[in-house]
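Written below as structure tokens is the structure these notes are about.
As the structure is a prediction and not an experimental result, all values here were calculated from the model.
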Amino acid sequence: WFSQHVPQPLSAAFDVAGGAIKNTINGLVGNVESMINAVIRGVNWMIAQLNKISFEVPDWVPGIGGNSFGFSLQKLAEVKLPRLAQGAVIPPNREFMAVLGDQRSGNNLEAPEGLIRKIVREESSGGGDYTPLLQAILEAIRDGQVIVMDGKAVTKNVVKNINTMTRQSGRAVVLG
């Protein structure tokens, strides 16, 4: 839906730039996560070595003689740092932390409410009767819901429009 209502060069540029930024940040997060987990694996190795040690207390020691003591330390769990997701509903003037992208399929759509309202106005006057659908989308956004889009349908529309634009202009319209 989004790819049909935003000018294709602009939409493609945002997709490419956003994807590159997201991949870069997620790559950095992955590197930090790997370094932290390497330290945790080293600490866990030391814990395993300490847990192998036991002490025998001689019988002549009063109170504790004849007993053996050792370590029983718990290993540390490796970390899994959150990655950047594809979108969210962000309320104005309220800071918050979020983990996004936990849906099982489809894509999230994050866009300023003003842009969605503009699309509603344009589509309402453009002859297509998308008003009920767009009203429902706006209500969902106001309620703080995440809008999930079918990735295959979005990709199909994007590819179709890129191919049409390429044929019309006689040159590739996506820089890769």
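At least one donor-acceptor pair closer than 3.5 Å links the side chain of N44 to the backbone N or O of L76. Under a 3.5 Å cut-off, the side chain of N67 and the backbone N or O of E56 do not form any donor-acceptor pair.
Here the closest non-hydrogen pair linking F71 and L50 is CD1-O, 3.2 Å.
Under a hydrophobic-cluster definition in which Ile, Leu, Val, Met, Phe, Trp and Tyr are linked whenever side-chain heavy atoms come within less than 4.5 Å, directly or via other members, V159 and I162 are assigned to different clusters. Linking Ile, Leu, Val, Met, Phe, Trp and Tyr residues whenever their side-chain heavy atoms come within less than 4.5 Å places I40 and M46 in a single cluster. Linking ILVMFWY side-chain heavy atoms closer than 4.5 Å, directly or via other members, places I53 and V57 in two distinct hydrophobic clusters.
Once rounded to the nearest 0.5 Å, the distance linking CD of Q74 with CG of N51 reads 8.5 Å. Separating the NZ atom in K75 from the CG atom in L73 is a distance of 11.0 Å, to the nearest 0.5 Å. S34 OG to R41 CZ: the interatomic distance, rounded to the nearest 0.5 Å, is 7.5 Å.
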Is there a side-chain contact (heavy atoms from CB on, under 4.5 Å) between V39 and M35 once you walk through the steps? CA-CA 6 Å; V39 171; M35 289 186 283; 6.0 Å; no

